[in-house]
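Throughout, protein chains are lettered first and strands after them, A, B, ... in sequence-line order, and every chain is numbered starting at 1. These numbers were taken from a predicted model, which means no experiment stands behind them.
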Number of protein chains: 2
Amino acid sequence: MADVIYGTAPNHAEGPAIQPSEPAPAGLRLADKPELAFIELLFFAYRDFVGDPDAVLDTFGFGRAHHRVLHFVSRNPGMMVADLLDILKITKQSLARVLKQLVDTGHIEQRPGPEDRRQRLLFPTQKGKALSMRLVELQAQRVRTALAGLGADGRAGVESFLRRMIDPADRDHVDQLIKR
Amino acid sequence: MADVIYGTAPNHAEGPAIQPSEPAPAGLRLADKPELAFIELLFFAYRDFVGDPDAVLDTFGFGRAHHRVLHFVSRNPGMMVADLLDILKITKQSLARVLKQLVDTGHIEQRPGPEDRRQRLLFPTQKGKALSMRLVELQAQRVRTALAGLGADGRAGVESFLRRMIDPADRDHVDQLIKR
DNA sequence: TAAATTACGTCAGCCATATTGACATATTTG
DNA sequence: CAAATATGTCAATATGGCTGACGTAATTTA
């Protein structure tokens, strides 16, 4: 990462200087909006957070979409397709492509529901579970590092913060997803 | 969001049941990997976090790529194109399309550098700054809500957590970006 | 000063992920 | 038996990203 220690490119000392006809001179400043720090930190944090798995996924010919599908299926073996779509908030057509690849490569297996045979329940194979765990471990490592300096109360604070960043209507749903 | 309170689809009571030839029976469990909560909360939190601006951007015919460009230009009026590319970690070809649209719609203006005339420094126009502030306010609102329950120490903990989720090599760089 | 480097732009093609709309096929339910 | 449900599939489209290849103007360097 080059030296991005720019300073608004020294406006020089050229007499009357350029007339700021349109361009706004002063930008958004942290002093004016304290939440800016959190907003921008979250952007960079999330990018690196999803970046680790990307490299591994690449060696499998997979992308982030595969990661998400595999993750939630590994977390909930035997889940319904409809529930997965609901969690990921994507369309079945979007799911189709990645799911097909995960099934074709033997990472996920579909089995008819024992009660309702219209269902094609999703299970991770041993192979799929192994990859899923590998990816989770990468992200867990990063999380552990980030939590390292914090005590129990600090960690609770982070968890509370993240939970409350989620739309209120979905919080309980997410809670149920996580607490298992 | 439907009732995604699935229960691994009741495995029923069918005698010997399906042979778990391949499919792994037990999934990833929170008890085994405590960081799972943070990993999944971060996923859902980030999705909603970027979701708010999306709706507004849509009415302008813009997407998330426009948002990121406009945001950092508003934060650093007069920045170099090369520095923006470095922050966003995208190629100039990717930037070109969205930047062109932002310039064409009068949200961003480019001006030759007063010292080095090869540069085409980026400035937000009043219009661009207005949109940028509107989008920031949306996200700031969400952040405020999420921080509401926390004290100064809790907020510091969140900030520390997010900062340490970033690759160590980039932390100082990000700090400089934010502290202005 | 001539040559190399830098800052930036552009054309062209390709890939990944997601969308909408339409239609098909079982299976379960009222 | 008709309707609703769970899932799949075909086709077209949008967005945002990529690589590779060139081009141009301005600055730096040998």
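- For F62(A) and H107(A), the ring centers sit closer than 6.0 Å to each other.
- Classification of D170(A) and K89(A) as a salt-bridged pair holds, one side-chain N sitting under 4.0 Å from a carboxylate O.
- Between R111(B) atom CZ and dG9(C) atom P the separation is 15 Å, expressed in whole Å.
- Following rounding to the nearest Å, R68(B) (CZ) and dT15(D) (P) show an atom-to-atom distance of 14 Å.
- Taking the ring axis of F123(A) as reference, the NZ or CZ atom of R111(A) stays within 45° of it and closer than 6.0 Å to the ring centre.
- The main-chain N or O of A156(B) is never found under 3.5 Å from a side-chain atom of S160(B) such that the two would form a donor-acceptor pair.
- Of the charged side-chain nitrogens involved, at least one lies within less than 4.0 Å of a carboxylate oxygen, so that R142(A) and D167(B) count as a salt-bridged pair.
- No salt bridge links E109(B) with K127(B); every basic N to acidic carboxylate O contact stays at or beyond 4.0 Å.
- For the segment residues 48-57 of chain A, the set of residues with a heavy atom within less than 4.0 Å of an atom of DNA chain C is empty.
- The shortest distance between the side-chain N/O atoms of T91(B) and the OP1/OP2 oxygens of dC18(D) is below 4.0 Å.
- Nearer to the 5' terminus of DNA chain C, by closest-nucleotide assignment, is the contact made by G63(A) (compared with the other of K92(A) and G63(A)).
- Between R75(B) and E40(A) a salt bridge is recorded (basic side-chain N to carboxylate O distance below 4.0 Å).
- With rounding to whole Å, Q110(B) atom CD is found 15 Å from dA25(D) atom C1'.
- Taking atom CZ of R47(B) as the reference point, atom C1' of dT17(C) lies 15 Å away to the nearest angstrom.
- The only member of H66(A), R64(A), H71(A) that meets side chain to side chain contact (heavy atoms under 4.5 Å, CB included) when paired with R68(A) is R64(A).
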Pick out the pairs of N or O atoms, protein on one side and nucleotides 5-7 of chain C on the other, that lie under 3.5 Å.
residue : atom : partner : partner atom : Å
dT6(C)  : O4'  : R118(B) : NH1          : 3.4
dT6(C)  : O2   : R118(B) : NH1          : 2.7

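- Nucleotide dT19(C) holds its P atom 10 Å from the CZ atom of R64(B), rounded to whole Å.
- Centroid-to-centroid, the aromatic rings of F43(B) and F72(A) come within less than 6.0 Å.
- The distance between atom CG of L121(A) and atom C1' of dG8(D), rounded to the nearest whole Å, is 15 Å.
- Counting non-hydrogen atoms under 4.0 angstrom, H66(A) reaches the backbone sugars and phosphates but no base.
- The pair K100(A)-D104(A) meets the salt-bridge criterion, since a charged nitrogen lies less than 4.0 angstrom from a carboxylate oxygen.
- Taking every heavy atom of residues 94-104 of chain A and every atom of DNA chain C, pairs under 4.0 Å involve S94(A), R97(A), by number.
- Looking at T125(A), its side chain does come within 3.5 Å of a backbone N or O of G106(A) through a donor-acceptor pair.
- Look at E159(A) and R164(A) and you find no salt bridge, because none of the NZ, NE, NH1 or NH2 atoms lies under 4.0 Å from a carboxylate O.
- Taking atom CE of M79(A) as the reference point, atom P of dA6(D) lies 14 Å away to the nearest angstrom.
- Nucleotide dC18(D) holds its C1' atom 14 Å from the CG atom of L85(B), rounded to whole Å.
- Within the structure, every side-chain polar atom (N or O) of Q93(B) is placed at least 4.0 Å from both OP1 and OP2 of dG13(C).
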